[in-house]
Amino acid sequence: MNNTSAIRTIANIVLSIFAIALPLYAQQNPEVTARAGAGPNDIARFLAGMPVPPDSPLAPLTRDPAWQEHSAFFEKEFTKLNLRQLQKLHAWEDTYLPEATQPIPAAFYMFSGPDFLYLDQFFPNASVYVLCGKESMGPPPDPVRIANLRGALQNLENAMNSALSYSFFITKDMKVDLESQELKGTLPILYVFIARADKSITNVTFGSLNRNGTFQEYAPGKTGGGSPGVRINYTDNQSGNSQTLYYFTTDISDGGIQSNPGFLKFCQHFGVGSSLLKSSSYLLFESGFATIRNFILDHSRLIVQDDAGIPLDYFNRDKGNIRLFGNYIGPIEIFKQHYQPKLQELYAQSNPPPLEFNFGYRWNYKESNLMVVQRNER
C-alpha cells in the first residue's frame, strides 16, 4: 500500500468513527441539537424568561445559569408590575371605562415604540393592533446563535427597565441597549410582552408598506422599501381569540408622511378604532405633526391619553366628551413649555377621580393624569 492509499484508508476510518460518534455525542450533549430552528412562540417564551416545551430546540439553553437568572429577574419584575400597575389599571377600567374592553376593529398607538404592554391592557379585544416608532425592528431573534447569552439577556433587561418601572420607554437608553447587543431592535421586546401577556404566537411575517399602504411580505433580512414592518399573529390563551399585531418603523411627522404615505393609508384601511397616546414627547403639540393628529381625531371613537398626547384645544366638545382622572400638575421639566392652563382649569373645576397607577411621564401615580376622550356616535 502506497502512502496515498494509506492516507485515504485512515481518513475513511476516521470519518466512519465520527459518523457513529456524533449522534451519540449529541444525545449526551443536547446543546448540539439546539441548533435546529426554534419557532417564534418558543423564542418569545425564552426571551420572556418563561418555560419552553421539553422538546423545544431552546430547552437545553434554559439550563444555562444566565437564562435562569434572567428568568428569575423577569418573574420578579413582572410580578411587581402586575401588583403595582396592572391590577389597579384593570380595576380602574372596570369602574370607569368598561367599554374599552369591547371588541373593536383596530387599536392604534402612535409613537409607541415596542410598548405593546399598555395597548393590550387598555384595549384587550381589538382584532388588530397597530404600533409604530422610529426604532427599527431588528432581525428575527435567534437565541441559539448568541455568543454571549448573559450579556444579550442583560441588555434586554436594561432596555425594558424604564417601561417596567415607570410605564414608558426612555428612547435614548433603549436605543443604546438595543443597538449594542445580539438581540437587536424592538422585536425581542414585543416578543417578551406578548408572551408575558399569556398569548401564543402562531406566525410572524416580515414585510413593508408600499406607497398605497399594502403590506408586502419579504424574507427576514431583506428590504422591501417603504415602511418596514412585522405582522405577528397570535392567540390569546384566555379567550382563545386570534389577534394580529403590526409594528412599523416609520416617520409620522408631516414631512415623513408626505414622502412615505403608505403607513397612514394602511391605518385608514381599518376605519374607526380606538387610540392610546402615552409619553409621546408632546410631539402632537407641534405644527409638524398635524396630519397624524387629524388622523387620530378622525379615526378614533375612543382616545386614552396623558397630557403629552393631543392638546385640549383640538378636541371639539360638541362632538364628544372628555373625562379626566388623576392630577394635572403640568409637564415634567424638559417639556415645561407645553403646560396647558385650560387643562389645569378643567381639572380644578371637575374634581376628577384619583388614579391608583402611574401613567405617562409622572412616575408617582399621585401626580399622574389620564384623559378619556369619547366621541359621539355618528
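Expressed to the nearest 0.5 Å, how far CZ of Arg375 lies from CZ of Phe315 amounts to 12.0 Å. Remark: Leu277 CG to Met110 CE distance equals 8.5 Å, nearest 0.5 Å. Here the straight-line distance linking atom CG of Leu61 with atom CG of Asp42 works out to 11.5 Å at 0.5 Å rounding. Distance check, rounded to the nearest 0.5 Å: CD1 of Ile104 to OG1 of Thr101 gives 10.0 Å. Within the model, atoms OG1 of Thr249 and CZ of Phe263 stand 10.5 Å from one another, a figure rounded to the nearest 0.5 Å. Distance CG/Asp307 to CG/Leu370: 10.5 Å, rounded to 0.5 Å.
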Report the C-alpha distance between Arg362 and Glu367 in whole Å, list the side-chain angles of each, state the deciding distance to 0.1 Å, and finish with yes or no for salt bridge (charged side-chain N to carboxylate O under 4.0 Å, His left out). CA-CA 6 Å; Arg362 295 284 181 180; Glu367 298 178 350; 3.7 Å; yes
Between Lys342 and Glu345, does a salt bridge (charged side-chain N to carboxylate O under 4.0 Å, His left out) hold up when you go through it step by step? CA-CA 5 Å; Lys342 291 183 180 178; Glu345 291 175 13; over 6 Å; no
Stepwise side-chain hydrogen bond (donor to acceptor under 3.5 Å, both in side chains) test for Asn237 and Ser200: CA-CA 7 Å; Asn237 294 328; Ser200 296; 2.9 Å; yes
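The aromatic rings of Tyr282 and His338 lie parallel to each other, their planes meeting at an angle below 30°, with 60° marking the opposite boundary. Taking the six-membered ring where tryptophan is involved, the planes of Trp92 and Phe122 are perpendicular, since the angle between them exceeds 60° and thus also 30°.
In this structure, the ring of Phe357 has its center no less than 6.0 angstrom from the ring center of Tyr118. In this structure, Phe295 has its ring center closer than 6.0 angstrom to the ring center of Phe108. You'll find the ring centres of Tyr339 and Tyr328 inside the 6.0 Å limit.
Both Phe74 and Leu149 are part of a single hydrophobic cluster, where members link through side-chain heavy atoms under 4.5 Å apart. Criterion: ILVMFWY side-chain heavy atoms under 4.5 Å apart, direct or through other members. Under it, Val192 and Leu86 are part of a common hydrophobic cluster. Side-chain heavy atoms closer than 4.5 Å link hydrophobic residues (I, L, V, M, F, W, Y) into clusters, and following such links, even through other members, never connects Met50 to Val204. Under the 4.5 Å side-chain heavy-atom criterion for grouping Ile, Leu, Val, Met, Phe, Trp and Tyr, Tyr365 is not connected to Met371 through any hydrophobic cluster.
Environment of CG in Asn364: crowded, with over 12 heavy atoms of neighbouring residues, nucleotides or ligands closer than 6.0 Å.
A ring-ring contact (aromatic ring centres under 6.0 Å, His included) with Phe215 is found for exactly one of Phe266, Tyr246, Phe206, namely Tyr246.
For the residue pair Thr235 and Ser242, the shortest heavy atom distance occurs at OG1-OG, 4.1 Å. Closest approach of Glu93 and Gln121 over heavy atoms only: OE1-O, 3.3 Å. Summarising the geometry of Asp198 relative to Gln238, their closest heavy-atom pair is OD2-NE2, 2.6 Å, with the distance given to 0.1 Å. Closest of all the heavy-atom pairs between Val52 and Leu58 is CG2-C, 4.2 Å. Listed here is the closest heavy atom pair of Phe325 and Tyr347: O-OH, 2.7 Å. Across every non-hydrogen atom of Lys134 and Thr250, the tightest pair is CG-O, 3.9 Å.
Electrostatic pairing of Glu75 and Arg196 counts as a salt bridge here, judged by a charged N lying under 4.0 Å from a carboxylate O. Salt bridge Glu77/Lys80: present, at least one basic N to carboxylate O contact under 4.0 Å.
Judged by distance alone, the side chains of Asn125 and Gln102 never bring a donor and an acceptor atom under 3.5 Å apart.
Using a 4.5 Å cut-off on side-chain heavy atoms (C-beta onward), Arg84 and Leu81 make contact.
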